[in-house]
Structure formats: structure tokens, C-alpha cells
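What follows is one structure encoded as C-alpha cells, with my remarks underneath.
For reference, positions follow the sequence shown, starting with 1. Whatever order the structure lists ligands and atoms in, that order sets their numbers, starting from 1.
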Amino acid sequence: MHAWTSPDLPDLPGMGDPVHLHDTLAGALAPTRRGGEPATLYVCGITPYDATHLGHANTYVGFDLLVRAWRDAGREVRYVQNVTDIDDPLLERAAQTGQDWHELAQSQIELYRSDMAALRVLAPTRLIGAVEAIPLVVDAVEQMLAVGHAYRVDLPAGAGAGGAEPELGDVYADVTDDSLFGTGAGLEPAEMLTVFAENGGDPDRPGKHNPLDPLLWRRTRPGEPDWDGGILGRGRPGWHIECACIAMEHLTGVVEVQGGGRDLVFPHHEMSESHLRVLTEQHAPVMLHVHGGMVGYHGEKMSKSRGNLVLVSELLAQGVDPMAVRLVLLGHHYRDDWEYTDADLTEATARLGRWRSAMHQGRGPQAETLLTRVRAAMADDLDAPAAVRAVDEWVDAALGGRAGGPGTSPDAPEQARRTVDALLGVAV
Ligand code: ZN
């Protein structure tokens, strides 16, 4: 599917520093690769309903900072993001609201695109829907069945499951075929079971070899959409295999960074990486595991089930400047959990106004140090709050009467403007 139009990325003098990121698996800061090979980034995208709340925006703006830092460091970036445009939660939402699931998905994907464009997020190289990835999933699941890494589970009897071929069951991956399964999230087996069950897993389904085995292919169910699955029979893909197949097809070789919100660490990322290991026979198909924090509102994590969503599109409809929304997000480190308050927005709007005033003056304090500081902050695990502080200090100096004195230049406001545009994605 098409993504959205990326904003222009201004050129900056010199080059950014090699980027270091906090790897969830290692629990420590780790370098990304230098120069040479293209950077490969896979970020799990939305399931298209309730798009785009501030939690989503926090994740995608966070990874946008990575793309910007990599490109500033001279790296070509291949960035793939999926859209889970068929899955249980989407069908459940459509059923609750009486909408057609496909229309719901399409409208929410369009909203997501316009929100991302408004927030000046650089578009991924490829935005791939689960539905369009079905042929990839079918091939992969057939391959896993052929070599015994996957198996069929009988369908519930008498409920019309399986359509004309009820004897072809659902297909599950056998996690015991991957000796590294379960090592990613740092959870005890009992915790894994609990988290799996809370996140779409079905540990108690009869016929599974292991409670944690994830669904690869779900056969036709009455009232659910289905697609041609070749020898699998008609059905639809599981969630984890969807991401594994899209990454494998569109990011050949190793995935340098697999990213998403922290709620995806387990089971989603553990399971998709396990599928990647099995399918590619690579010991470490993912180099770095990078996860954003959770955004809360009114005391709880922002989520549709709690109904405490702050939607980007609603803020914009109220007349909020999208750059102020972006500055709200940049005020927090991407890995931190934080709680959104109206005061955040008030503060970010005031900050944006100060930045604009300072960067549209005729002269300003030299901005070379500002560029160096912002680059250093971004290279250090995308430390946006540190970068924002550096910009604030330049702005304070520019507005504090030092705009026209010694050491100032008529080019400096433009240099500062290009710095915050290219590295922070803030257009002033
Ligand atoms: Zn994913």
C-alpha cells in the first residue's frame, strides 16, 4: 500500500555521529552499524482502528528520529512498516460498531497517513499491509509445515469452521524447534503464558503441542473474511508470521533494528524473531531490539480498551499546531513511560512560539554549537529532551538580546531552523 509524502529533509553541514541505541535484549546501549551497508529498520505498524493516538505517535516519531539521525550520519535507510489490516481486534471492533471491517481499516489507514504527514514523520520505504502479504505468509507456512516446524490443529467441530475443507486445520508453529525461543523478553515461563494469553494468544487451545505455540494460519470461520491459502486451505494469517514474512521479503539480510512499543516485546517480537530464525536459518536475524515507552492519560496506559485515548487527529481538529504535538512527544525520551497532560501541550505550544520568534529574526547567535549538541544528543539513544534543551538555550540567547551583538550572524537563524527541521522534524 502507499505510504504518505515525506517532508523535505534539509542538508546540514558535515555529518552526524554514529548512532547508539538501547537494546532491550542486552539491556544496554549498543552501536548501530557504521557507513557502508544500508541501515535496515522494521517497525511494527498499526492495527487500523483508533488511529492515531499519542501512544502510536510517540512510537513512530521516536523511530523517525532514528531515521533522521542515520541519514544525517550518511547512511542509506531501508525502513519497512506493516499495517495489520486483518486481525481479530479489527474484526471485533467492526462487529462492535456495526461497520464493515474493510471500510473501518481503510478509513483508519488514511487517518494514520494524514496524521503522520502532519507530524512530519518521514515515510517508510515500504508500507505493507497484512492482506497484501498473504501470499508471502502462505509460502512461509507451507515451508514450515514441510520441514516439520509447524503443524495443523483440528478445527472446532460443528461450527462451520474450515468451509469446504474442514479437515485442513489451523496451523501453529512449534516453538520447541527454535532453541532460542523465550530468551528475548527475559520472562519466566509462567509469565510468558500470562502475557501470551493477555495479548491474543491461546495457551489453552486443545491440540497444540506447546501452550506458547503461536497461530500461523487461521482457517475460514463463519462471518470472517478469508483468502486463498493454497494447500493450507482458505483462511487468514497470524500476526507474528505476518511481520516475519514482510521483514524477510522487504529487508533482505539482517534486520538491524526491530522496533515498536514496549508492549510488543512479548509475545509479538519474540515470536516474529523466532519465525525469522527458523525461516532464514540465521542465528540472529535481528541485531538490535528497540522499544518505545508507553504513554498514559488519566492515570493509565493509553489504550482503546480503557477508552482514554488522545487522538492526534482530534488535537489537530481543535486547531492545535501539529508541530506543538511533535514537541510534546520530543519533550520525553522515547523509552520513557509518561503521562500526557494538557499542560504538556500548553508548554509545547509556548516553546514552538519562542523557537519561531528566535529563528525568524534577522540575526542570531552562531548555531554551529547547537548543531553539534543536537547531533550528539540524537546519537546517544535518540535523546530528544537533551536536544530540545540545547535548542531552548540557543533560543533564550537569541531572544535575550544577544541576537545582534558580537558573535552573531545573519545566517544563524536559518542554520538553527535547518537543524531542528532535519534532526528533530520540527518545522518552525
Ligand atoms: Zn509486528
Is the charged tip of Arg113 near the ring of Trp4: under 6.0 Å from the six-membered ring centre and within 45° of its axis? no
Pick out which of Arg221, Arg219, Arg218 makes a salt bridge (Lys or Arg N to Asp or Glu O under 4.0 Å) with Asp170. Arg221
Using the ring pair (Phe, Tyr, Trp, His ring centres under 6.0 Å) criterion, which residues pair with Tyr172? Sequence neighbours excluded. none
Considering only heavy atoms from C-beta outward, does the side chain of Phe63 approach that of Leu66 to under 4.5 Å? yes
Nearest heavy-atom approach of Asp85 to Ala130 is OD1-N, 2.9 Å
Closer than 2.8 Å to the Zn ion (ligand 1), how many protein N/O/S atoms do you count? 3
Residue pair His298 / Asn308, side-chain donor-acceptor N/O under 3.5 Å: no
